[in-house]
Number of protein chains: 2
Amino acid sequence: MFRGTLARRAWEEAAIPLDIPEVVIERLPVYLRVLDRLQRNGHSVISSQDLGEELGVTPAQIRKDLSYFGRFGKQGRGYSIQRLIGELRQILGLERRWSMALVGAGQLGRAIASYRGFGPQGFDLAAIFDASPAVVGTTVAGHTVEHVDSMEDRLRERPVEIGIVAVPAEHAQAVIDQLVGAGVHAILNYAPRAVQVPGHVRVRQIDPAAALQSMTYYLKSEEPALRAPR
Amino acid sequence: MFRGTLARRAWEEAAIPLDIPEVVIERLPVYLRVLDRLQRNGHSVISSQDLGEELGVTPAQIRKDLSYFGRFGKQGRGYSIQRLIGELRQILGLERRWSMALVGAGQLGRAIASYRGFGPQGFDLAAIFDASPAVVGTTVAGHTVEHVDSMEDRLRERPVEIGIVAVPAEHAQAVIDQLVGAGVHAILNYAPRAVQVPGHVRVRQIDPAAALQSMTYYLKSEEPALRAPR
DNA sequence: CTGTGTGAATCCATTCACAGCT
DNA sequence: AGCTGTGAATGGATTCACACAG
């Protein structure tokens with residue numbers, strides 16, 4: 001949703017896939033997380049049935065999702081967890097590391113810069129930019145904050161694959177335009193703002209307040225019944 | 001996705017709605033954000049056409065989404081922005097404020113506690129819990145951190161509607177079970193872990209690393225062509 | 001027997017297209 | 001003349017159900 005239809009590039013890698021639904025791709029990282037945990041807990045095979053129960057997803061959905069990419073299971077047994085982890089990492093492009101530029105070194109940006117969840121999953125922060133003279137030049141999470149005006153030059157010298165946007169909403173679109181201009185094709189946007197990008201650029205929105213607001217819809221009809229049942 | 005089918009409560013409020021698709025509910029906060037901005041910029045009416053362009057969504061989708069809840073537009077003119085903001089806030093239950101308990105006062109938890117995006121959208125932090133003796137008793141964002149073992153009692157005395165989970169993945173399920181036990185029906189989960197909840201509880205996942213991993217799928221097929229086109 | 005892989009069937013969401021209001 | 005509201009049509013995604021492999 002909120003993503004223009006886009007002419008996907010024809011497939012060039014060896015493999016087979018053709019035109020996989022985006023929802024499927026979005027589920028794969030979640031499958032991967034569960035499999036990692038099961039492996040750490042000593043499991044070595046799992047059926048789509050059991051995996052589905054872990055995830056709250058139907059077994060058929062898991063089998064169908066995986067079948068887009070190959071035949072990884074063994075009938076009568078299930079899936080080798082080790083094998084499946086390897087396949088998913090391959091599919092998602094996680095056999096390599098990816099580098100990111102963070103724009104915005106305010107309170108939110110600094111929290112993102114020191115978030116420990118990216119590194120272990122294969123993502124490295126390579127540069128931090130901000131527009132405020134007060135923070136440019138300071139050190140954040142081991143990086144010297146550079147001025148956002150030097151961003152396009154800087155990224156042309158040493159490119160990154162991913163941009164993280166943590167600037168105030170009113171500047172988000174301009175910053176994203178600059179990132180796209182510098183050749184970035186994937187953006188993680190923490191600004192609470194719908195942004196427009198060319199069709200070949202992917203955006204994922206991180207918007208906790210919007211997530212809360214979609215839950216209050218359901219809370220508002222439940223609460224009265226619980227509180228004043230007479 | 002990743003949410004069990006659940007028997008929704010029958011509608012009791014006045015209004016009309018019946019069984020609205022969850023995707024529709026998730027879009028409403030985004031519509032609201034754009035409308036707020038347009039209003040601040042001095043606009044007073046907008047057509048589904050123009051609103052759709054702001055959002056990267058078809059006009060028909062916006063009209064259909066809104067039509068689940070009523071007839072808010074004027075033919076030939078469009079929608080009154082002020083009116084529509086009011087209706088959406090009503091629908092989403094944003095005419096009141098909601099209170100939240102945060103579990104986990106580590107690096108991530110502290111960042112969440114001082115995140116400035118919740119208050120203006122109607123969400124107040126009411127309590128913070130942690131399990132580590134090193135942080136229990138300290139002050140975080142104006143709240144004294146309480147021990148997680150006292151959480152259920154504490155929340156029975158002074159309930160909250162929403163729980164925010166920012167504990168290590170291996171403790172997330174246990175913490176969520178406790179929150180649910182204490183009567184919380186909505187959870188914002190920052191732990192990178194699929195969790196199980198009873199059907200009447202809503203969970204929204206905030207998982208930036210998973211968001212990145214679903215974008216690398218597309219990057220991995222684009223990059224080689226850009227870098228080594230010969 | 002157990003559990004995958006997959007065409008077919010079903011279910012759900014999006015888009016179309018136009019009648020009708022302003 | 002312009003734009004909403006909405007049944008009908010289309011397009012996708014999920015689930016079913018079973019042939020087949022181990």
Side-chain angles (χ1 to χ4, degrees), chain A residues 1-8 16-28 30-31 35 38 43-81 83-84 87-88 91 214, chain B residues 1-8 16-28 30-31 35 38 43-81 83-84 87-88 91 214:
Chain A
M1 77 177 194
F2 297 120
R3 213 164 292 121
T5 46
L6 39 91
R8 197 79 41 69
I16 312 98
L18 55 168
D19 182 44
I20 318 282
E22 184 145 354
V23 277
V24 172
I25 303 302
E26 288 175 3
R27 279 193 290 265
L28 301 186
V30 186
Y31 295 174
L35 291 166
L38 290 170
H43 296 72
S44 67
V45 288
I46 189 156
S47 64
S48 58
Q49 175 72 43
D50 293 348
L51 188 52
E53 279 165 22
E54 290 286 333
L55 287 161
V57 155
T58 65
Q61 179 157 83
I62 292 171
R63 295 201 303 274
K64 174 69 88 175
D65 284 356
L66 297 176
S67 76
Y68 283 108
F69 303 97
R71 304 152 64 109
F72 307 135
K74 287 220 193 316
Q75 280 133 329
R77 300 211 171 284
Y79 298 88
S80 152
I81 291 179
R83 161 100 192 272
L84 199 45
E87 298 286 355
L88 288 174
I91 292 162
S214 71
Chain B
M1 78 176 191
F2 298 119
R3 213 164 293 118
T5 46
L6 38 92
R8 196 79 40 71
I16 312 99
L18 54 168
D19 184 43
I20 319 279
E22 185 145 353
V23 278
V24 172
I25 304 301
E26 287 173 4
R27 280 192 289 265
L28 300 186
V30 186
Y31 294 174
L35 292 166
L38 290 170
H43 295 73
S44 67
V45 289
I46 189 156
S47 65
S48 59
Q49 172 71 239
D50 292 349
L51 188 52
E53 278 165 22
E54 289 288 334
L55 287 160
V57 155
T58 66
Q61 179 157 82
I62 291 172
R63 295 202 301 276
K64 174 69 88 176
D65 284 355
L66 296 176
S67 77
Y68 283 108
F69 303 99
R71 304 152 65 107
F72 307 136
K74 287 220 193 315
Q75 280 129 328
R77 300 209 172 286
Y79 298 88
S80 152
I81 291 179
R83 160 99 193 273
L84 199 43
E87 297 287 356
L88 288 174
I91 292 162
S214 70

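Model, not experiment: these values are computed from the prediction. Each chain gets a letter, A, B and so on, in the order the sequences are listed, and its residues count up from 1.
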Distances under 3.5 Å only, N/O to N/O: pair up the protein atoms with those of nucleotides 18-22 of chain C.
residue, atom, partner, partner atom, Å
C:dG20, N2, B:Gln75, NE2, 3.4
C:dC21, O4', B:Gln75, OE1, 3.3
C:dT22, O4', B:Gln75, O, 3.2

How close or far is atom C1' of C:dT4 from atom CD1 of A:Ile62, stated in whole angstroms? 12 Å
Interatomic distance, A:Gln61 CD vs C:dC12 P [rounded to whole Å]: 13 Å
Residue pair B:Arg83 / B:Arg71: nearest heavy atoms and the distance that separates them: NH2-O, 3.9 Å
If you round to the nearest 0.5 Å, how far is CG of B:Asp65 from OH of B:Tyr31? 3.5 Å
D:dT15 phosphate, OP1 or OP2, under 4.0 Å from A:Thr58 side-chain N/O: yes
When rounded to the nearest 0.5 Å, the distance separating CG of B:Leu88 from CZ of B:Arg27 is 12.5 Å
Measure from NZ on B:Lys64 to P on D:dA9 and round the result to the nearest Å. 13 Å
Consider the side chain of A:Arg27, meaning its heavy atoms from C-beta on, and name the nucleotide among D:dT4, C:dT14, D:dT14 that approaches it most closely. D:dT14
Side chain to side chain donor-acceptor pair (under 3.5 Å) with A:Ser48: which of A:Arg63, A:Lys64, A:Glu53? A:Arg63
Whole Å only: how far is the CD atom of A:Gln49 from the P atom of C:dC1? 19 Å
Heavy-atom pair with the smallest gap, counting every atom of A:Tyr68 and A:Ile20: CB-CD1, 3.7 Å
Which nucleotide in the list D:dA13, D:dC16, C:dT4 gets nearest to the side chain of A:Ala60? D:dC16
Does A:Ser47 make a side-chain N or O approach to OP1 or OP2 of C:dG3 shorter than 4.0 Å? no
Between B:Asp65 (CG) and D:dG5 (P), how many Å, whole number? 12 Å
Supply the atom-to-atom distance B:Ile62 CD1 to B:Asp50 CG, rounded to the nearest 0.5 angstrom. 9.5 Å
Output for pair (A:Ile25 CD1, A:Phe69 CZ), nearest 0.5 Å, gives 4.0 Å
Just how far is it from atom CD of A:Glu87 to atom CG of A:Leu28, taken to the nearest 0.5 Å? 12.0 Å
How many Å lie between CG on B:Leu84 and P on D:dT4, as a whole number? 11 Å
How long is the straight-line distance from CD1 of A:Ile46 back to OG of A:Ser80, given to the nearest 0.5 Å? 11.5 Å
Choosing from C:dT4, D:dT14, D:dT15, which nucleotide comes nearest the side chain of A:Tyr79? C:dT4
What integer distance in Å separates A:Asp50:CG from C:dT2:P? 13 Å
Integer-rounded Å distance: D:dC3 P and B:Glu53 CD: 11 Å
Enter the inter-axis angle for the ends of the helix from C:dC1-D:dG22 to C:dT22-D:dA1 (five pairs per end, rounded to 10°). 10°
